[in-house]
2 protein chains.
Amino acid sequence: MKSLGETIRELREHQELPLRTVAAFLDIDQAILSKIERGQRNASREQIVKLAQFFKVKENDLLVSWLSDKLVYEVADEDVALKALHEAEEKVKYIMAKRK
Amino acid sequence: MKSLGETIRELREHQELPLRTVAAFLDIDQAILSKIERGQRNASREQIVKLAQFFKVKENDLLVSWLSDKLVYEVADEDVALKALHEAEEKVKYIMAKRK
DNA sequence: TGTGTTTTGACATTTTTTGTCAAATTTAGT
DNA sequence: ACTAAATTTGACAAAAAATGTCAAAACACA
């Protein structure tokens, strides 16, 4: 189960590209991309979309990785983390069912 | 599956207390509590702890409700909401296992 | 050592969050 | 309908967090 950062670092290194190149495509400083890859900063949704485009991977795969990382961050350090995730799942199912 | 807001509103109305009273205990304006109860504002963790204390309910129950609401909010509008929740669960399990 | 890459941290700017306050609206009782 | 209490709303201010830039430090390695 790779984090988003690990995933995009792998993608980048696989193509032997410097941070600079990818960061330029995202239109941010390479420092930020470095931090994103190491999980020290959160990427924005738009950045994820661009990254999927850049690396030609499924946008949804990256979005899942990104979103789940954020969820993990949100529940980190809480004893009730798993219970909360589970209850959130039920709530989402309920909401989705309600919205036809 | 009640939201946190619904839950604490029920608790409060069950005791026939005005927002004022509970808000005073939390040391916030009643306007905020009103918004929290209707899901327009997020409560802080400390406020949840105080609410559990005030209403004499299990702190963890309220924390789960509060956290799961936040998670739902975080994934709302995302097609991949359920997948992300699921992946987050796996990541948390992994992390917890690693931390002995 | 010299060159390119990555990491770090100080800093500035922008956005989000958190709260207060007062006015408007709603609710209930008489 | 009138009043009084409770609730909701929205404008606003202050505090906190996120987002980015930049330059210097650290790293990799020929």
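A, B, ... follow the sequence lines: proteins, then strands. Residue 1 opens every chain.
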> Pairs under 3.5 angstrom, nitrogen or oxygen only, protein versus nucleotides 13-21 of chain D, please.
residue	atom	partner	partner atom	Å
D:dG20	OP1	A:Gln47	NE2	3.3
D:dG20	OP2	A:Gln47	NE2	3.4
D:dG20	N7	A:Arg41	NH1	2.8
D:dG20	N7	A:Arg41	NH2	3.4
D:dG20	O6	A:Arg41	NH2	3.2
D:dT21	OP2	A:Asp29	N	2.7

> What residue among A:Lys98, A:Met96, A:Lys91 forms side chain to side chain contact (heavy atoms under 4.5 Å, CB included) with A:Tyr94?
A:Lys98

> Extract all donor-acceptor atom pairs below 3.5 Å that involve side chains of residues 76-88 of chain B and protein atoms in other chains or at least two apart in sequence.
residue	atom	partner	partner atom	Å
B:Glu78	OE1	A:Arg45	NH2	2.9
B:Glu78	OE2	A:Arg45	NE	2.6
B:Glu87	OE2	A:Ser68	OG	3.2

> For a quick test of reading the model: is some side-chain N or O of B:Arg38 closer than 4.0 Å to OP1 or OP2 of D:dT9?
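Yes, such a contact exists.
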
> What residues form a side-chain hydrogen bond (donor to acceptor under 3.5 Å, both in side chains) with A:Arg20, not counting sequence neighbours?
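Listed in chain order: nothing, the list is empty.
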
> What is the minimum heavy-atom distance between B:Gln30 and B:Ala23, and which atoms define it?
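Closest approach of B:Gln30 to B:Ala23: CA-CB, 3.6 Å.
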
> Could you pull out the closest heavy-atom pair between B:Ser34 and B:Arg38, with the gap in Å?
OG-NH2, 2.8 Å

> Provide the start and end nucleotides, 5' to 3', of the part of DNA chain C that has atoms under 4.0 Å from heavy atoms of chain A.
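It runs C:dT5 to C:dG9.
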
> Looking at residues at least two apart in the chain, or sitting in another chain, which of them share a side-chain hydrogen bond (donor to acceptor under 3.5 Å, both in side chains) with A:Thr7?
none

> For A:Lys70, which residues count as a side-chain contact (heavy atoms from CB on, under 4.5 Å) partner, sequence neighbours excluded?
A:Asn42, A:Trp66, A:Leu67, B:Glu74

> Quick one: list whatever passes side-chain hydrogen bond (donor to acceptor under 3.5 Å, both in side chains) with A:Arg12, sequence neighbours left out.
A:Glu37

> Please report the closest heavy-atom contact between B:Val75 and A:Val92, naming both atoms and the distance.
CG2-CG2, 3.9 Å

> The criterion is salt bridge (Lys or Arg N to Asp or Glu O under 4.0 Å); which residues satisfy it with B:Glu10, sequence neighbours excluded?
B:Lys2

> For B:Lys93, which residues count as a side-chain hydrogen bond (donor to acceptor under 3.5 Å, both in side chains) partner, sequence neighbours excluded?
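B:Lys93 satisfies side-chain hydrogen bond (donor to acceptor under 3.5 Å, both in side chains) with no other residue.
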
> Over the length of the helix from C:dT1-D:dA30 to C:dT30-D:dA1, how much do the five-pair end axes diverge, rounded to 10 degrees?
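Between the first-five-pair axis and the last-five-pair axis there is 50°.
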
> In residues 2-26 of chain A, what residues come within less than 4.0 Å of DNA chain D, judged by heavy atoms?
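Nucleic-acid contacts, sorted: none.
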
> Within the 4.0 Å heavy-atom criterion, would you say A:Glu37 contacts the bases, only the backbone, or no part of the nucleic acid?
nothing

> Can you measure from CD1 (A:Ile95) to CE (B:Met1) and round to the nearest 0.5 angstrom?
10.5 Å

> Side chains of residues 48-65 of chain A: which donor-acceptor pairs under 3.5 Å do they make with residues two or more places apart or in other chains?
residue	atom	partner	partner atom	Å
A:Ser65	OG	A:Leu4	N	3.3

